[in-house]
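When reading the values below, keep in mind they use all heavy atoms of this one structure, side chains included, and skip hydrogens, waters and symmetry mates.
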2 protein chains.
Amino acid sequence: MPRIGMEPQRREALVRATIAEIAASGARDITVARIAKRAGMSPALAHHYFGSKEQMLLAAMRRILSDFGREARRAMAGAETPRARLQAIVETSFGPANFDPEVVAAWLNFYVQAHRDPEARRLLHIYHARLRSNLVHALRPLSTDPEGLAEGIGALIDGLYMRQALRRRALATETSVALVNDYIERGLRQ
Amino acid sequence: MPRIGMEPQRREALVRATIAEIAASGARDITVARIAKRAGMSPALAHHYFGSKEQMLLAAMRRILSDFGREARRAMAGAETPRARLQAIVETSFGPANFDPEVVAAWLNFYVQAHRDPEARRLLHIYHARLRSNLVHALRPLSTDPEGLAEGIGALIDGLYMRQALRRRALATETSVALVNDYIERGLRQ
DNA sequence: TTTTGTTGATTGACGAGTCAATTAAAACCC
DNA sequence: GGGTTTTAATTGACTCGTCAATCAACAAAA
């Protein structure tokens, strides 16, 4: 029973279902059929809207990145001092939205996909570059080696992410934030 | 033209080929046929020796982990002081054997595989636990918070790994080692 | 002649993507 | 407003390809 104006809702449902499915089955054995089923429609309809499985995966990544970007911009907006800006970045990285197990799993798979797929890699580089640029900008007035420190902070955040994704008994979010904050404090004080 | 005593060589070739293939195509679209071709034999022979593709992937993972373990044990053997033991761990993690792009890519994929496959997860946990235990042991006489510091060091190493795997212009190994060493120094001094 | 190595051919399953056909809303026309 | 046509939504059935795994058969060494 076709209602009109379904496209946005269908796309939304498919993007969500793709992320959920990545988290549930892992990117290796994802199928369009399973995604479509989870989104409550036929596989044919999924193809109708996205054209290919590849496009669905990319749409899921774009969603993850744009959610993160929005969150980050919002957090940075209120930060006046460089130190507050740093804090905003860290807290966004470990914010609940980002640390939802589903999203963490999607990120992990995203990393792997970026290893082969040029479009995915491009997307990831944009995110990396923005994060680095934000960090360096905030660090410049505070540190003698903003680039090095930014590199370390980024890597530490990524590493803590992975552990979150892989452990059955994950670290508490506060522990991760505390570790990054310690790292920053020590880096600045030096 | 069957020669005798081929089994070990065939297995060896298949394990190597599996790792190479993971790095080349990504775990998503690996096929037994491609692995076998790279190892210079028929797909049927690969199945003959390993039984299933799953087993090939696990064998490759075990190889990576046992190579790392051997390397780590060797490096630790000569270390007398706790500080030297720390240094040995860091240098092993970023040793040339581990930082071969092929091996880094394989690690990345193993992380993802561990997210679903219980056996892979089990293997990864053993590695994590050993690394953490070694770090904590070396840190105990040096730090007031060995567990926290070990967590941070492990995460930082993992994060730097990922970046190595994903950037086209990767960090120099020395840069990574220096970042970890700075982190340790600051953590101890505190 | 038994054991080990080896492969070509085959099977059986599954999955991405296509297509024709159906339904109902919307738009157009008198 | 009633009728007709267009357009969006939707799916079942199908195609085509691929791939893991099996098997029967053959070759050579022991």
Separation between CG of B/Leu65 and CG of B/Leu123, rounded to the nearest 0.5 Å: 6.0 Å
Whole-Å gap separating P (C/dA26) and CD1 (A/Ile4): 6 Å
Atom pair OG/OH of A/Ser176 and A/Tyr161 - distance to nearest 0.5 Å: 10.0 Å
B/Leu188 CG to B/Leu86 CG distance, which is reported to the nearest 0.5 Å: 6.5 Å
Within the 6.0 Å centroid threshold, strictly below: A/Phe110 and A/Trp107: yes
Verify same cluster id: B/Val136, B/Leu142 (apolar side-chain graph, 4.5 Å): no
Integer-rounded Å distance: D/dC19 P and A/Asp29 CG: 15 Å
Distance, nearest 0.5 Å, that separates CE of B/Met61 from CG of B/Leu57: 10.0 Å
Can you give me the N/O atom pairs linking the protein to nucleotides 7-11 of chain C at distances under 3.5 Å, or say none if there are none?
from	atom 1	to	atom 2	distance (Å)
C/dT7	OP2	B/Ser42	N	3.2
C/dT7	OP2	B/Ser42	OG	3.4

Distance below 4.0 Å between A/Tyr49 side-chain N/O and D/dA9 OP1 or OP2: yes
For nucleotides 13-17 of chain C, print each protein N/O atom paired with a nucleotide N/O atom at under 3.5 Å, atom names and distance only.
from	atom 1	to	atom 2	distance (Å)
C/dA16	OP1	A/Val32	N	3.3
C/dA16	OP1	A/Lys53	NZ	3.2
C/dA16	OP2	A/Val32	N	3.1
C/dG17	OP2	A/His47	NE2	3.2
C/dG17	OP2	A/Lys53	N	2.9

Distance (rounded to the nearest 0.5 Å) between B/Ser93 OG and B/Leu135 CG: 7.5 Å
Nucleotide D/dT7, atom C1' - distance to CD of A/Glu7 in whole Å: 13 Å
Heavy-atom side-chain contact between A/Arg11 and A/Arg16 under 4.5 Å: no
Nucleotide D/dT18, atom P - distance to CZ of B/Arg28 in whole Å: 18 Å
